[in-house]
There are 2 protein chains.
Amino acid sequence: MQAMGHINIEELYTQIKVQFSSISLATLYKNINAMVANRLITEVKVPNVKSKYEITKDPHIHLLCDTCSEFIDLDLDVNPLLNEASSKSHYELYGSCIVLSGVCEKCQEKV
Amino acid sequence: MQAMGHINIEELYTQIKVQFSSISLATLYKNINAMVANRLITEVKVPNVKSKYEITKDPHIHLLCDTCSEFIDLDLDVNPLLNEASSKSHYELYGSCIVLSGVCEKCQEKV
DNA sequence: TAATAAAGGAGAATAATTATCCTTTAAGTT
DNA sequence: AACTTAAAGGATAATTATTCTCCTTTATTA
């Protein structure tokens with residue numbers, strides 16, 4: 001299986017059936033939900049698009065291109081922001097869902 | 001009507017029926033969607049919780065308490081982050097959905 | 001006022017997710 | 001190995017959220 005990055009349930013189901021052809025969608029949901037509950041997997045809810053799942057990693061920014069639907073991670077340290085947010089709010093933070101949307105470079109050229 | 005802050009469809013429907021008792025849910029969705037498309041209203045997708053709507057305002061951080069479901073805005077300037085994200089990715093950004101989750105101060109006290 | 005367009009309403013249809021209930025598989029014990 | 005119990009999986013029904021269809025009502029303008 002190739003590196004998955006971000007994948008939605010439908011895609012994941014297709015992928016998994018390659019190796020476990022009899023798995024049912026209900027089972028997939030059950031397992032995904034268990035893993036999300038234990039923070040092994042993170043669900044990223046994205047406006048206008050199906051939820052995406054990714055292996056949980058350090059907080060980071062997601063970029064969504066509203067034109068071509070490209071969805072990528074941005075390598076940019078958000079810890080300073082989280083620390084500031086935490087100290088200002090007194091929240092004990094352990095999860096983040098940061099999605100910025102706009103138009104990617106390629107789509108800007110296509111005008 | 002009191003200041004709404006963040007509201008989900010169900011709550012909004014209840015509120016609106018007070019003044020427009022005959023409005024249907026379909027109409028509400030149509031109008032909301034039109035306003036979201038024109039960026040008058042922003043939909044905030046939140047893990048484990050129904051989507052929330054808010055009047056569109058400058059990019060900001062949302063905090064979700066996973067214990068009591070409190071959902072609030074955090075007054076913290078995120079423009080530096082957005083600028084950095086934009087210049088690093090060459091995206092033209094115009095929308096943000098930033099949700100940090102954890103445990104609020106009150107819930108931390110509750111052991 | 002008649003003609004046309006725009007918005008709304010009711011409920012059907014669709015899509016995503018969860019729940020139910022039964023079967024299969026696995027693990028542990030004697 | 002056979003028996004017992006628990007855990008996981010499968011099929012499908014049920015639920016929920018949202019969108020679509022189609023018809024009616026309201027508004028606009030000639």
Side-chain angles (χ1 to χ4, degrees), chain A residues 1 4-56 62 64-71 94-99 101, chain B residues 1 4-56 62 64-71 94-99 101:
Chain A
M1 203 198 297
M4 69 175 227
H6 312 94
I7 195 166
N8 66 35
I9 277 279
E10 208 178 337
E11 294 160 348
L12 187 52
Y13 188 51
T14 302
Q15 290 266 345
I16 280 181
K17 291 203 93 167
V18 173
Q19 299 200 40
F20 303 95
S21 60
S22 73
I23 196 175
S24 84
L25 192 52
T27 301
L28 180 56
Y29 270 111
K30 283 177 203 167
N31 289 338
I32 286 281
N33 289 344
M35 289 187 277
V36 168
N38 289 287
R39 304 205 199 114
L40 300 173
I41 287 181
T42 298
E43 180 183 2
V44 188
K45 285 202 168 189
V46 187
N48 310 314
V49 175
K50 281 193 195 178
S51 280
K52 293 172 183 288
Y53 295 92
E54 64 183 9
I55 302 296
T56 298
H62 301 97
L64 170 69
C65 175
D66 279 321
T67 302
C68 70
S69 296
E70 176 186 69
F71 189 74
Y94 51 70
S96 73
C97 184
I98 306 177
V99 181
S101 53
Chain B
M1 201 200 296
M4 68 177 224
H6 312 96
I7 195 166
N8 66 34
I9 277 279
E10 209 177 338
E11 294 160 349
L12 187 52
Y13 188 51
T14 302
Q15 291 265 346
I16 281 181
K17 290 203 94 166
V18 173
Q19 300 200 41
F20 304 95
S21 60
S22 73
I23 194 174
S24 83
L25 192 52
T27 301
L28 181 56
Y29 269 111
K30 284 178 202 167
N31 290 338
I32 284 281
N33 288 343
M35 290 187 277
V36 168
N38 289 286
R39 305 208 197 111
L40 300 173
I41 287 180
T42 298
E43 180 182 0
V44 188
K45 286 203 167 189
V46 188
N48 310 315
V49 174
K50 280 192 195 180
S51 281
K52 293 174 183 285
Y53 295 92
E54 64 184 8
I55 301 297
T56 299
H62 301 97
L64 171 69
C65 174
D66 279 321
T67 302
C68 69
S69 296
E70 176 186 68
F71 189 75
Y94 50 70
S96 73
C97 185
I98 306 177
V99 181
S101 54

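Chain letters run A, B, ... following the sequence lines, proteins first, then strands; residues in each count from 1.
Checking D/dG10, D/dG9, D/dT19 against every side-chain atom of B/N33, the shortest atom distance belongs to D/dT19.
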Show me the donor-acceptor pairs, under 3.5 Å and distance only, between side chains in residues 35-46 of chain A and residues at least two apart or in other chains.
{"unit_1": "A/N38", "atom_1": "ND2", "unit_2": "A/A34", "atom_2": "O", "d": "2.8"}
{"unit_1": "A/T42", "atom_1": "OG1", "unit_2": "A/T56", "atom_2": "OG1", "d": "2.8"}
{"unit_1": "A/E43", "atom_1": "OE2", "unit_2": "A/S51", "atom_2": "OG", "d": "2.9"}
{"unit_1": "A/K45", "atom_1": "NZ", "unit_2": "B/V46", "atom_2": "O", "d": "3.4"}

Please list, one pair per line, the donor and acceptor atoms closer than 3.5 Å that link side chains of residues 21-30 of chain A to other protein atoms, with sequence neighbours excluded.
{"unit_1": "A/S24", "atom_1": "OG", "unit_2": "A/A26", "atom_2": "N", "d": "3.4"}
{"unit_1": "A/S24", "atom_1": "OG", "unit_2": "A/T27", "atom_2": "N", "d": "3.3"}
{"unit_1": "A/S24", "atom_1": "OG", "unit_2": "A/T27", "atom_2": "OG1", "d": "3.2"}

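Under the salt bridge (charged side-chain N to carboxylate O under 4.0 Å, His left out) criterion, A/K50 pairs with A/E10, sequence neighbours left out. Not counting sequence neighbours, B/N48 has no partner by the side chain to side chain donor-acceptor pair (under 3.5 Å) test. Annotation: side chain to side chain contact (heavy atoms under 4.5 Å, CB included) contacts of B/E70 (sequence neighbours excluded): A/Y91, B/C65, B/C68, B/I72, B/C104. With sequence neighbours excluded, the residues forming a side chain to side chain donor-acceptor pair (under 3.5 Å) with A/D66 are B/Y94, listed by chain and number. Partners of A/Y13 by ring-ring contact (aromatic ring centres under 6.0 Å, His included), not counting sequence neighbours: none found.
As a whole-Å value, the separation of A/N31 CG from D/dG9 C1' is 9 Å. For the pair B/I23 CD1 and D/dT25 P, the computed distance is 17 Å after rounding to whole Å. Separating the OH atom of A/Y29 from the P atom of D/dG9 is a distance of 16 Å, rounded to the nearest angstrom. Distance A/K17 NZ to D/dG10 C1': 11 Å, rounded to the nearest Å. Summarising the geometry, the separation between CG on B/L28 and P on D/dC20 is reported as 16 Å, rounded to the nearest angstrom. In this entry the distance linking CD1 of B/I9 with P of D/dT18 reads 6 Å, nearest Å.
Proximity of B/N8 to the phosphate of D/dA17: no side-chain N or O atom is located under 4.0 Å from OP1 or OP2. Checking the phosphate oxygens (OP1, OP2) of D/dG9, no side-chain nitrogen or oxygen of A/S24 falls inside 4.0 Å.
On the nucleic acid side, DNA chain C has its first and last nucleotide under 4.0 Å of a heavy atom of chain B at C/dG8 to C/dG11, going 5' to 3'.
Side-chain contact between A/H62 and A/K52 is absent, with no heavy-atom pair separated by less than 4.5 Å.
The aromatic rings of B/H6 and B/F71 sit perpendicular, their planes meeting at an angle over 60°, well past the 30° parallel limit.
Residues of residues 45-52 of chain B having a heavy atom closer than 4.0 Å to DNA chain D, listed by number: B/K50.
Looking at which nucleotide of DNA chain C each of A/K30 and A/E10 is closest to, the 5′-most match is held by A/E10.
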